[in-house]
Amino acid sequence: MTDKRARLELTDEGKVARVYLAAPKANIVDIAMMEDLTEILDGIADRRDLVAVVLAADGPNFSYGASVPEHLPDQIGEALAGLHGLIGRFLELPAPTIAAVRGQCLGGGLELVLACDLILAEETARLGAPEIKLGVFPPAASALLPTRLGGGRAAALILTGTTWTGSKAAAAGLVTRVAPEGELDAVLDTWLSEEFLPCSPTGLLHAARAVRRAAQRAVAEQLPELERQYLEELMAEPDAVEGIQAVLDKREPHWSSGGRD
């Protein structure tokens, strides 16, 4: 178990499942981590006694994002498929899902968070989709962010690669609740105790199913086309590889003058 990149804890008399990204401090969402998370979620998929599933992380940061080397052409297809499947599993869990975010929450880490029903973040957390700075875009975030923010605010995050603090993300409607720095766990425990533990697991299951319909439609109808665009069109462009290689080489990218005809 020591080599696992994700872990599960059952708390509150087994009514709350806490799933942790367990590869600090960066908690990179690579293929190995996605496999571990998938195994964990499959193991709780039939737990009708749960009142909440928490997605959290060990260390000072939620996640720096996906693995940069796995964005190269020989691995990106597997990485996108793994993330797609993992998001689908979050959207089928039998209880409300809460992402608990501190520190950096970027790229693939943010896409995992977007698969959750509710987001709790520290005021000083940093949430963003910086893929455009690598010459690419985030397919899952492109599908899911508009369901939470509308098209304009989603576009602002994706097209500029900016990051929002937890407080700014809450003001925009992305984050459900904020916690003071250093108090994420205490605020989460109070929220669970007051709002979820007293509720019927059956009622919460059906309510979660009801509120996920927009996200499920986005994943079913939009995400496959976005992934096709990424793999067949974007990855045929030189800039898509140049941006990733520049990060690996620790240098500035050299962009082409324009796309292919």
Side-chain angles (χ1 to χ4, degrees), residues 6-22 37 40-41 43-58 61-63 86-103 105 109-127 144-145 147-150 153 164-219:
R7 62 185 175 84
L8 169 70
E9 292 182 5
L10 295 173
T11 64
D12 301 281
E13 298 181 350
K15 293 182 178 182
V16 176
R18 300 177 190 245
V19 181
Y20 291 88
L21 312 187
L37 287 169
I40 287 172
L41 297 189
I44 60 175
D46 295 325
R47 288 286 304 267
R48 300 302 180 94
D49 56 332
L50 295 175
V51 299
V53 178
V54 175
L55 177 63
D58 291 340
N61 299 291
F62 184 84
S63 173
L86 190 54
I87 287 170
R89 283 172 170 82
F90 271 104
L91 293 172
E92 294 291 340
L93 285 173
T97 50
I98 304 170
V101 177
R102 63 165 58 91
C105 178
L110 177 65
E111 289 177 311
L112 286 184
V113 165
L114 293 174
C116 295
D117 301 315
L118 303 168
I119 304 171
L120 167 65
E122 289 191 350
E123 295 170 337
T124 54
R126 304 291 300 187
L127 299 92
L144 291 171
L145 270 173
T147 69
R148 292 178 177 266
L149 293 173
R153 284 176 171 171
W164 287 352
T165 64
S167 296
K168 184 171 181 177
L174 177 60
V175 164
T176 315
R177 179 176 289 195
V178 293
E181 185 176 8
E183 297 184 24
L184 183 72
D185 294 336
V187 172
L188 172 62
D189 288 343
T190 298
W191 199 13
L192 290 168
S193 177
E194 293 179 351
E195 304 292 346
F196 295 92
L197 288 169
C199 292
S200 158
T202 302
L204 286 169
L205 181 153
H206 286 280
R209 286 178 177 173
V211 301
R212 290 171 182 162
R213 291 187 179 272
Q216 288 172 330
R217 282 196 300 271
V219 169

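Counting only heavy atoms from C-beta outward, the side chains of R48 and T202 never approach each other to under 4.5 Å. When side chains are defined from C-beta on, L120 does not count as touching V175, because their heavy atoms never get closer than 4.5 Å. Residues R7 and D58 are in side-chain contact: their nearest non-hydrogen atoms beyond the backbone lie under 4.5 Å apart. Side-chain contact between E9 and Y20 is present, with at least one heavy-atom pair separated by less than 4.5 Å. Looking at heavy atoms from C-beta onward, K15 lies out of side-chain contact with L50 at the 4.5 angstrom threshold. Side-chain contact between L145 and L174: present, with at least one pair of heavy atoms (C-beta onward) separated by less than 4.5 Å. Contact of the L55 side chain with the I98 side chain is not registered, since no non-hydrogen atoms from C-beta on lie closer than 4.5 Å.
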Stepwise, does the side-chain contact (heavy atoms from CB on, under 4.5 Å) test hold for R148 with L114? CA-CA 9 Å; R148 292 178 177 266; L114 293 174; 3.7 Å; yes

Report the C-alpha distance between C199 and V51 in whole Å, list the side-chain angles of each, state the deciding distance to 0.1 Å, and finish with yes or no for side-chain contact (heavy atoms from CB on, under 4.5 Å). CA-CA 7 Å; C199 292; V51 299; 5.6 Å; no

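Looking at residues two or more places apart in sequence or on another chain, you find a side-chain contact (heavy atoms from CB on, under 4.5 Å) between D12 and V16, R18, L197. Qualifying salt bridge (Lys or Arg N to Asp or Glu O under 4.0 Å) partners for E122, counting only residues two or more places apart in sequence or in other chains: R102. For the side-chain contact (heavy atoms from CB on, under 4.5 Å) test, residues two or more places apart in sequence or in another chain that qualify with A100 are V54, A56, L184, L188. Under the ring-ring contact (aromatic ring centres under 6.0 Å, His included) criterion, F196 pairs with W191, sequence neighbours left out. With sequence neighbours excluded, the residues forming a side-chain contact (heavy atoms from CB on, under 4.5 Å) with T190 are E194, listed by chain and number. For E183, the side-chain hydrogen bond (donor to acceptor under 3.5 Å, both in side chains) criterion is met by no residue, not counting sequence neighbours. Remark: R47 pairs with D49 by the salt bridge (Lys or Arg N to Asp or Glu O under 4.0 Å) rule, at least two apart or across chains. Checked against side-chain contact (heavy atoms from CB on, under 4.5 Å), V113 has the following partners two or more places apart in sequence or in another chain: F62, A99, V101, C105, I119.
Crowding of R213 atom CZ: a count of heavy atoms from other residues, nucleotides or ligands under 6.0 Å not exceeding 12.
Among residues at least two apart or in separate chains, there is no side chain to side chain donor-acceptor pair (under 3.5 Å) pair with a member in residues 168-181. Residue pairs meeting the ring pair (Phe, Tyr, Trp, His ring centres under 6.0 Å) criterion with at least one partner in residues 198-218, sequence neighbours excluded, are absent.
Listed here is the closest heavy atom pair of L144 and A115: CD1-N, 4.3 Å. Here the closest non-hydrogen pair linking A6 and L37 is CB-CD2, 3.6 Å. The shortest heavy-atom contact between A172 and W164 is CB-CZ3, 3.4 Å. The two residues N61 and G103 make their nearest non-hydrogen contact at OD1-CA, 3.6 Å.
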Would you list the atom pairs, donor with acceptor, under 3.5 Å between side chains in residues 87-97 and any protein atom, with sequence neighbours excluded?
{"residue": "R89", "atom": "NE", "partner": "D42", "partner atom": "OD1", "Å": "2.7"}
{"residue": "R89", "atom": "NH1", "partner": "G85", "partner atom": "O", "Å": "3.4"}
{"residue": "E92", "atom": "OE2", "partner": "Q216", "partner atom": "NE2", "Å": "3.4"}
{"residue": "T97", "atom": "OG1", "partner": "D117", "partner atom": "N", "Å": "2.8"}
{"residue": "T97", "atom": "OG1", "partner": "D117", "partner atom": "OD2", "Å": "3.1"}

